[in-house]
Amino acid sequence: MTLRIKRVSARMRVPMLAIYMTVLAVSRVAGQEVNDCVFIHHSSGLGWLENGLDAGLSGKAYIDERNDIYYGTAISPDPGRPASLGGVPGDATDMQHWVRWFNDYIEGARTHGCTDGFNRIILFKSCFPLSNIGSDGTEPGDPFSGSLTTTNYKAIYRHPDGPGNVYSYGGYDYQPLEDVFAANPDILFIPVTAPPLVPDETNEANARRARWFNNWLKNEWLASYHAKNPGLDNVAVLDWFGFLAYPDDHITKSNRLTDEYRTSASDSHPNAVSCEASTVEFITKPGNFLDSAWTAFSTNSVRVQTSFFLQSGYDPDTGKLSTGLRDAGLVPLQSPYPEDPRTVKAVPAGVVDWVLAEIRSTADGPAVDQVSVFLNEDGELVSDLGTTPKFAMDAPDGDYYLVIRHRNHLPVMSRDKIHLVKGNSTLYPFADDPTRYTGENAATELETGVWGLWAGDINRDGQVTTMDYTAWYNSARLGESGYLATDVNQDGQVTTEDYTLWYNNARLGAASRVP
């Protein structure tokens, strides 16, 4: 095989996503956010899945489907690309295969196992024989070679001549992984380092090279990637080797699989104990690796931080909103807004209701993005995970008007544009100042110095009118109850109390000022 290095042209095809590792995905399909997970792995990965990893991943609120690419998985190459791994690329997970995975099978990996959406998180892993690194090798290295050298391994992730350069193999151009990752900012890529071997299957020098490469990958290379791609947190290295191996300074078994975690003296498959411990360490303990990586990655979209109150359910004695609908199990798992009908696995504690957030570039222009989020009892909008008072919206850094919509309250819009960025955006508090809203009387005073959205817009037409009364009357006459827009005061019942709230606001001519 002849390896040729050349500079990529500006018009070269950029792959969108390729590899099969674990892919945890989030995508917008018909406005709904879908989270899928696929793992590219072989036997040691299967053992981990069977001993905690599958349950850990499936239990994440941000994961919907969890899929695998394993021995025997057949995937066709992308149009115009060669079948460089044959018709069954699932059989190929050695280090030299990853460049071909990412360049030749991206689209197939992107959709594999997904009933809808696309894979937005990818974990990929080679097996323990790849930790028996026989030499350092020589630069520039060969990312297609099966020779186990640190130089060859480094060439897989970065081109020796820097970003924008490509390798030539079999008549086709191949980008190093870091360029593929950078070209796919909507995907979280998670390389999982290959497990260590038992002492009988390697030697001290080869095991130390494995440690050296993994440290280079998670420290030097990852730092370099972030420096080249500021604000792009779409790569996280899971160092499974480092967790399973004896430390580098161990007297007799440095960088080899620990006795506690080995299956036998001659079998380097991590045992059930090691897999269970790994699941806790990387997946389930507070502040774990995966949650931290997902949080950092999800901030790639602009972050919105705002607060406001609804007129319904506000208690001036506590300064909080009622969580009665959630506590009664009435807040649905699926958002009621067709603009973004996303679904969650559970409604978090402290949630009041679903709200639809919208950003616009101009006051009367179309929505740039619309996202269903939760309103909590403190008047904060939080992501559908319900954990932090910030949420992501798909838009580039810039200045936007913020619109808030609720299923039976009048929508409001910020008076001024808000500067939104990928990191932490400035809080825009609607609740404490009526001039923060677009238009006169856009909000109602709930108590001195506290403002909230007008209730009673049952049909969501931007006005509180007799049309809303008719909807309420028909619902009340039938004795309806539950999660209904006609339940204006949000107590789970359709009664005269809802009529009173509607009547008072209609009499005052309450109407939205959102263009």
Side-chain angles (χ1 to χ4, degrees), residues 8-29 34-42 45 65-70 72-126 143-144 155-159 163-192 225 229 232-237 297 300:
V8 64
S9 75
R11 289 187 284 181
M12 175 189 157
R13 171 184 174 275
V14 177
M16 273 299 298
L17 159 66
I19 198 164
Y20 243 131
M21 318 176 198
T22 288
V23 164
L24 288 121
V26 174
S27 68
R28 288 288 180 82
V29 179
V34 179
N35 302 288
D36 297 337
C37 169
V38 59
F39 192 12
I40 305 180
H41 64 91
H42 280 172
E65 298 174 306
R66 198 202 62 73
N67 307 305
D68 295 288
I69 293 180
Y70 188 65
T73 301
I75 297 176
S76 298
D78 299 341
R81 298 298 299 181
S84 59
L85 298 176
V88 188
D91 291 349
T93 62
D94 289 348
M95 291 295 290
Q96 73 272 18
H97 296 140
W98 296 128
V99 167
R100 282 169 272 190
W101 258 114
F102 277 103
N103 284 269
D104 294 335
Y105 298 87
I106 288 180
E107 295 304 322
R110 187 181 185 88
T111 57
H112 179 80
C114 302
T115 56
D116 53 13
F118 70 96
N119 296 311
R120 197 173 179 186
I121 302 179
I122 301 177
L123 292 105
F124 59 101
K125 185 193 70 62
S126 296
F144 305 98
I156 294 164
Y157 282 88
R158 61 94 181 99
H159 195 286
N165 288 279
V166 299
Y167 300 105
S168 182
Y169 179 81
Y172 291 85
D173 289 338
Y174 286 82
Q175 294 179 307
L177 296 193
E178 69 175 10
D179 286 0
V180 177
F181 297 164
N184 292 272
D186 59 341
I187 305 298
L188 174 59
F189 298 93
I190 303 181
V192 179
Y225 178 81
N229 302 279
L232 186 58
D233 293 307
N234 72 326
V235 180
V237 177
F297 166 68
N300 287 335

Participant: Hey, is the main chain of Leu85 close enough, under 3.5 Å, to the side chain of Trp101 for a donor-acceptor pair?
Facilitator: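 Not a single qualifying donor-acceptor pair exists.
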Participant: Taking side chain as C-beta onward, heavy atoms only, is Met95 less than 4.5 Å from Ile156?
Facilitator: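 Answer yes - side chains close enough.
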Participant: By the definition side chain to side chain contact (heavy atoms under 4.5 Å, CB included), identify the one residue from Phe181, Tyr157, Tyr167 that meets it with Pro176.
Facilitator: Tyr167
Participant: If you compare all heavy atoms of Tyr169 against all heavy atoms of Arg100, which two are closest, and at what distance to 0.1 Å?
Facilitator: OH-NH1, 3.4 Å
Participant: Heavy atoms only: give me the nearest Val99-Phe144 pair and the separation to one decimal.
Facilitator: CG1-CE2, 3.8 Å
Participant: In Å and rounded to the nearest 0.5 Å, what is the CZ to CZ distance from Arg66 to Phe39?
Facilitator: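 Going from the CZ atom of Arg66 to the CZ atom of Phe39 covers 8.5 Å.
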Participant: Between Thr93 and Ser126, is there a donor-acceptor pair closer than 3.5 Å when you use the side chain of the first and the backbone of the second?
Facilitator: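 Not a single qualifying donor-acceptor pair exists.
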Participant: Measure the shortest side-chain to side-chain distance between Tyr105 and Ser84 over non-hydrogen atoms and say whether it is less than 4.5 angstrom.
Facilitator: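 SC-SC contact between Tyr105 and Ser84 confirmed.
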Participant: Where do Leu188 and Val235 come nearest, in terms of heavy atoms and distance?
Facilitator: CD1-N, 4.0 Å
Participant: Just by modelled atom types, is the Ala83 backbone N or O under 3.5 Å from a matching donor or acceptor in the Asp104 side chain?
Facilitator: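 The answer is no, because no donor-acceptor pair under 3.5 Å joins these two groups.
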Participant: Please step through side-chain contact (heavy atoms from CB on, under 4.5 Å) for the pair Thr115 and Glu65, ending with a clear verdict.
Facilitator: CA-CA 8 Å; Thr115 56; Glu65 298 174 306; 2.7 Å; yes
Participant: What residues form a ring pair (Phe, Tyr, Trp, His ring centres under 6.0 Å) with His42, not counting sequence neighbours?
Facilitator: Tyr71
Participant: CD1/Ile75 to CZ/Arg110 distance, rounded to the nearest 0.5 angstrom?
Facilitator: 14.0 Å
Participant: Using only atom types and a distance under 3.5 Å, with no angle test, would you say the side chain of Asp173 pairs donor to acceptor with the backbone of Ser168?
Facilitator: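 Not at all, since once roles are kept as given, no pair shorter than 3.5 Å links the two residues.
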Participant: So, does Arg81 use its side chain to make a donor-acceptor pair with the main chain of Asn103 at under 3.5 Å?
Facilitator: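 Confirmed, Arg81 side chain pairs with Asn103 backbone.
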Participant: Compare all side-chain heavy atoms of Tyr174 with those of Phe102 and state whether any distance is below 4.5 angstrom.
Facilitator: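 Not in contact.
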Participant: List the steps and the verdict of side-chain contact (heavy atoms from CB on, under 4.5 Å) for Asn234 and Tyr225.
Facilitator: CA-CA 10 Å; Asn234 72 326; Tyr225 178 81; 2.8 Å; yes
